[in-house]
Amino acid sequence: MLSTRSLRTADCRASAVARPRMAIGRGRFQVLCASNAKFFVGGNWKCNGSVANVRKLVDELNSGSVPRGVDIICAPPFIYIDYVMQHLDKEKYQLAAQNCWISGNGAYTGEVSAEQLQDFGVPWVILGHSERRSLCGENNEVVAKKTAHALAAGLGVIACVGETLDQRNSGSMFQILNAQMQALVDEVKDWSKVVIAYEPVWAIGTGVVATPEQAQEVHAYLRKFCQSKLGTSIADKLRIIYGGSVNDANCKELSFQEDIDGFLVGGASLKGSSFVTICNAAGPKAKY
Ligand code: PGA
């Protein structure tokens with residue numbers, strides 16, 4: 001049987017085919033395709049910032065007007081988390097770390113455990129970012145085990161998946177995504193605090209954003225994958241967010257896509273006004 005969400009997707013596809021693309025965002029499509037999941041926007045500050053920059057960014061974010069019906073998460077480098085926690089408006093924004101260790105506290109020099117994040121009051125962690133996969137050698141199994149451990153410690157996890165340009169061009173994109181997702185499915189028991197970030201590697205930090213159609217195709221595929229492995233009710237509620245060169249100019253059109261439940265933003269999250277605009281792209285997908 002088709003889920004409500006699948007039916008909506010089918011409706012959307014039908015109307016998307018029938019309508020010219022520019023009309024999509026302005027017309028019925030937006031309402032028909034409103035997702036059930038609460039919109040989620042993450043700002044991944046990566047290894048950027050200084051004391052002065054972080055102060056400025058926090059001030060800009062605090063003065064911005066963002067919808068209450070969107071989960072908004074800021075992920076500063078570890079060293080600035082304390083300052084950001086003290087000064088960022090908690091009514092508007094939550095905190096995430098950009099990584100954590102695969103197990104609990106112990107002799108793991110240079111690492112920070114999920115337990116320490118939980119103890120310090122950081123509710124979210126980004127895991128499996130493509131930069132950690134490619135630069136730090138984190139494979140699917142490591143990412144999945146980290147995810148399971150962080151969830152068990154009480155954190156919410158933004159788990160990243162995505163293909164390289166070579167993988168997309170050579171036709172192995174879905175195989176790559178299957179392997180990344182299957183590793184998570186094998187380890188994760190409770191999906192209620194998981195957000196999947198689809199981040200095509202070729203779009204990260206390049207200025208080459210996926211088209212709304214490219215992103216929607218993969219998001220729908222990932223949801224279908226989860227539906228077949230985890231059941232309709234988990235798949236329908238799962239937030240699948242898009243990351244890769246999202247900015248204040250392209251976010252709105254992406255947000256109209258049925259299976260895009262938010263964004264993971266890198267570069268544009270370092271500019272308060274841009275990030276605030278992106279948070280406001282939720283439109284009717286904000287849930288109050
Ligand atoms: P970008 O990064 O927005 O700068 O492309 C996204 C990410 O890596 O999470």
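Read the numbers this way: they start at 1 and go in the same order the structure lists the ligands and their atoms.
The local environment of NZ in Lys56 is sparse, with at most 12 non-hydrogen atoms from other residues, nucleotides or ligands closer than 6.0 Å. Few gaps surround NZ on Lys92; more than 12 heavy atoms of other groups in view lie less than 6.0 Å from it.
Looking only at atom types and distance, the side chain of Asn178 has a donor-acceptor partner in the side chain of Tyr221 under 3.5 Å away. Defined by atom type and a distance below 3.5 Å, a donor-acceptor pair is missing between the side-chain atoms of Gln98 and His129. Ser192 and Asp190 are linked by a side-chain donor-acceptor pair at a separation below 3.5 angstrom, with hydrogens and angles left out of the test.
In terms of N/O distances under 3.5 Å, ligand 1 is not approached by Thr206. At a 3.5 angstrom cut-off on N or O pairs, Gly205 counts as close to ligand 1. An N or O contact shorter than 3.5 Å links Gly266 to ligand 1 by distance. Residue Ser245 has at least one nitrogen or oxygen atom sitting less than 3.5 Å from a nitrogen or oxygen atom of ligand 1, judged on distance alone.
Taking atom 9 (O) of ligand 1 as the reference point, the nearest protein heavy-atom neighbour is Glu199 OE2, 2.7 Å. Of all protein heavy atoms, the one lying nearest to atom 4 (O) of ligand 1 is Gly267 N, 2.8 Å.
The closest approach between any non-hydrogen atom of Gly42 and ligand 1 is not below 4.0 Å. In this structure, Gly243 has no heavy atom closer than 4.0 Å to ligand 1.
Looking at Leu88 and Asn62, their side chains come closer than 4.5 Å, going by heavy atoms from C-beta outward. Side-chain atoms of Val84 and Val58, non-hydrogen and from C-beta on, do get closer than 4.5 Å to each other. Ile158 is not listed as a side-chain neighbour of Asn44, based on a closest heavy-atom distance of 4.5 Å or more.
Within ligand 1, the atoms closer than 4.0 Å to a non-hydrogen atom of Gly244 are 5 (O), numbered from 1 in the order shown. Under a 4.0 Å criterion applied to the non-hydrogen atoms of Asn44, ligand 1 contributes the atoms 9 (O). Against a heavy-atom cut-off of under 4.0 Å, Ala203 is close to the following atoms of ligand 1: 5 (O). Every atom of ligand 1 with a heavy atom of His129 under 4.0 Å away is listed here by number and element: 7 (C), 8 (O), 9 (O). Within ligand 1, counting atoms from 1 as listed, the ones closer than 4.0 Å to a heavy atom of Ile204 are 2 (O), 5 (O), 8 (O).
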Practice prompt. For Asp71 and Arg239, run salt bridge (Lys or Arg N to Asp or Glu O under 4.0 Å): C-alpha distance rounded to whole Å, both residues' side-chain angles, the deciding distance at 0.1 Å, then the answer.
Written response: CA-CA 11 Å; Asp71 284 329; Arg239 266 98 56 103; 2.9 Å; yes
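Of the heavy atoms in Cys160, none comes closer than 4.0 Å to ligand 1.
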